[in-house]
Amino acid sequence: MAHGTMLLLLISLTLAVGPAVGFYGGSMTFTPGNRFPDGSVEMHFYYRESSRGPCGSQVNWICESGSCGVLTNTEPMETDSTAQHLWCQSEVHMATNVTNGPFILSSSGCCWEDNVQGVGGWTLHTHVDTSQRSDTRSPNRSPVSAAIPNIRIPQNCFQNFQLLAHDPDDDVVRCRFNDANCTLCHQHTNIHLHKESCTLHTGDSLALGVHVFELILEDYPVSNITVMDHNGVFSVRNAFNDSNPTALSQVPLQFGVEILPPAQGCVPGVNKPSFLTPTPLHGDVHHAAVGQAHEITLQAQIADNSIFDFQVSGPSNMSKTLTSLSNGVMMATLTWIPQETDLFRHVPVCFTAETLHRQSEMRCIIVVVAKARVLSGEAKVICDDNSISIVVSKASMDGIDQDWLQLRDPTCSLTSNQTHIMGTMSLDTCGTTMDDSGDFIVFKNEINSFENPNAVITRRNQVKFGFSCQYPKIASVSNRYVNHKSDYIFTESSFGTFSYSFEVFTDQTFNSQVDPSQYPVQVQLMDEIYMGIEARTALPEVTLFVESCRATPEDNPFSAVFYDIIKDGCVMDETVMPHPSDSTKYDFEIQAFKFTGGFDEVYISCSVILCAKDSPNSRCAQGCLGPAARRRRRDVSQETARHYITQGPLRVARQTHNSAASNDGGFLHMSTSTGVFAGLFVVSIAVVAGMLVYNAKRTRSVDRMHLLSTF
Ligand SMILES: *[C@@H]1O[C@H](CO)[C@@H](O)[C@H](O)[C@H]1NC(C)=O
Ligand SMILES: *[C@@H]1O[C@H](CO)[C@@H](O)[C@H](O)[C@H]1NC(C)=O
Ligand SMILES: *[C@@H]1O[C@H](CO)[C@@H](O)[C@H](O)[C@H]1NC(C)=O
Ligand SMILES: *[C@@H]1O[C@H](CO)[C@@H](O)[C@H](O)[C@H]1NC(C)=O
Ligand SMILES: *[C@@H]1O[C@H](CO)[C@@H](O)[C@H](O)[C@H]1NC(C)=O
Ligand SMILES: *[C@@H]1O[C@H](CO)[C@@H](O)[C@H](O)[C@H]1NC(C)=O
């Protein structure tokens, strides 16, 4: 009876609270603050919780074991949400004075958001040790991670999902499933967690709906250290090794991933929003200063769709303003003014760009809060095609020894005037390093110096701040025309940024290009088509080399169905007539053709290379190479990588005028001149595979006869 009343009471209480709340995950980080004369340490905890429905209503951290002191917490502050209460995230700051570690805090609740695995309850654990480390002379700081509240991935696009695994003490961080109580880990048998990089992989497709991930992050010292507890008792903590099970701390990272119905593709910029410069890269570390606004600029774009928001997991009081730029680019400016209490925090900030149905990759960065303004990089970085320039105001370098400023390569000099310090370096000098980050190439360098000695600190702390320029590997300049491909832009260390245009022209003067609005370009069989490739680069002495061009019936240079027009630098199609031009241009004409098998459209894809002029060993200098030619090692300073550029489609109409070629319903007669019937060829799929590829010894004109068929 009493039991029944209790239950009723509980139900009515739940109803009173309002609409059901689904837990979408949570993450915790902690960091020690002041140490007091009585030996107690103030520990600070930052907990972010995601939910569907009202924000932050579920916070109930309790002391599970050990002496946790008296935990005080701020009200949960909403950090990001949707107007419709679809999701929301909040952050809570908790603090406690402790004299006696270690201890465990925990929080639990009844209700994960409805999920595929049928998981109901959730529990988060945080293992803290306040002993003083011999290497940092301070208690351990936990690993740092976070996730946005509502992660959405189409079923066919969940291959790799990289999480943030940062450690303020530079410890080794390992991620693992929460398998102390292995009721959940078994439900992810088809997902592999790469412990070192904290990346989820799967080759399988996950069921539609929300999947629950309950991860733990642990940190281990990189070298053997000792830790001293409040009684002055030392113990050894061995450097991380695979048989070393004792972590310095444990923090939870839980999140849900909503698997959406399959998308047409997973290409950033086309099927999902893609981030543009100057959006920070995953894992970047920013420096902010107390009392000063720190801005993070995000930009993203997607073809044929619009980005309406950026989802953000950030510290409380971080604001977000959206600005719509030209060409469908959406920009978000995240602004945060760290307070005195934020000093020395390593704050995770994660973000995605959102359309109604799609989400970009999730990136996470770290914002480190410092006192010195120079660490927040009050510098202007100018990214040019081939160089990086940096201008730093001297006023912002208070407390920094300006006599010792240097780039990563100390032989490169910085210049200065009364107010500023300046440096310019090309992308491959002065110790600039290059990182390939998927869609972008990033060039990074840093300015190093020392803090000025003062009365209190006698050791010379090295200070450095990094700067970088990132360039998209490939970017569409304009998305105005669905069919017409605009310029291709690439960046390489020795060649800077360069672009290719690939156009169809109206006549053999190659002066007026077919208007992009006219795509797909209608052509008649037998018509001459005029195509031109042009490289644009700031470097004066370069040569364009067209290594291959192939026709495909779809917009994919690697299509199974293809016809080689130029291969290994050799012209394969007898109707091709190159028109000599500048060294950075390749103009040619070709007679129109068509694929058999219900394909109306033809795309032309070419692989192109830029070389330094007059470099005798470059691919450009070698020209046409037979199939037996030896593969050379590419000299990256002499030539670029091979890049694929595509134009099309050409829509080839059936021939309407009389042809000189006789067509007897089967193959054309060998006696017909190739010059005449070449323009008529209709490439048969089977023949391409069977004759062209596997029977390379045949002469070209014999092949051509077999390629021709009726249409
Ligand atoms: C910890 O102790 C100090 C000094 O006694 C006090 O100022 C501070 O408010 C305490 N912090 C917490 C979280 O109780
Ligand atoms: C696992 O969880 C169940 C129920 O939540 C609990 O009864 C059990 O003690 C847990 N086991 C371990 C090893 O923590
Ligand atoms: C740490 O100590 C262990 C023995 O306790 C030793 O085997 C190991 O080499 C040491 N590692 C380092 C990095 O010094
Ligand atoms: C690995 O760690 C264990 C446990 O701390 C320690 O006993 C062992 O010596 C370490 N092994 C190496 C090769 O460092
Ligand atoms: C957030 O901003 C408000 C008003 O500017 C301020 O009163 C509050 O202390 C800030 N909270 C945090 C956690 O910084
Ligand atoms: C120093 O150079 C910077 C960057 O070129 C410029 O903005 C500034 O006005 C210069 N200051 C003086 C005093 O010339």
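Just follow the structure's listing: the first ligand is 1, and inside any ligand the first atom is 1. Residue numbers count from 1 along this sequence.
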With sequence neighbours left out, write down each residue that passes salt bridge (charged side-chain N to carboxylate O under 4.0 Å, His left out) with D129, or none if nothing qualifies.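 Listed in chain order: R237.
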So, regarding S223 and ligand 3 (criterion: nitrogen or oxygen to nitrogen or oxygen, under 3.5 Å), is there a contact or not?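 Among all N and O atoms of S223, none is under 3.5 Å from an N or O of ligand 3.
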Please classify the V236 to ligand 3 contact at 4.0 Å (heavy-atom distances, strictly less than): side chain, backbone, both or neither. neither
H201 side chain to H194 side chain, donor-acceptor N/O pair below 3.5 angstrom: no
In terms of side-chain heavy atoms, does S249 have a donor or acceptor partner in D219 at a distance below 3.5 Å? yes
Pi-cation contact, Y46 with R345 (under 6.0 Å, within 45°): yes
Stacked cation flag R174 on F240, 6.0 angstrom / 45 deg: yes
For ligand 1, which atoms have a heavy atom of [X] less than 4.0 angstrom away?
{"X": "A95", "answer": "13 (C)"}
{"X": "N97", "answer": "1 (C), 2 (O), 3 (C), 8 (C), 10 (C), 11 (N), 12 (C), 14 (O)"}
{"X": "E42", "answer": "1 (C), 8 (C), 10 (C), 11 (N), 12 (C), 13 (C)"}

So, regarding T96 and ligand 1 (criterion: nitrogen or oxygen to nitrogen or oxygen, under 3.5 Å), is there a contact or not?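 No, T96 has no N/O under 3.5 Å of an N/O on ligand 1.
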Can you confirm if the aromatic rings of W87 and Y24 lie within a centre distance of less than 6.0 Å?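 So the answer is no for these two rings.
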Plane angle bin for W61 and Y47 - parallel if under 30°, tilted between 30 and 60°, otherwise perpendicular: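 Perpendicular.
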Roughly how far apart are T96 OG1 and L71 CG, rounded to 0.5 Å?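 Here the rounded value is 5.5 Å.
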Residues in contact with ligand 6, criterion: heavy atom under 4.0 Å: V391, N417, T419, H420, M422
NZ/NE/NH1/NH2 to OD/OE distance under 4.0 Å, R133 and D169: yes
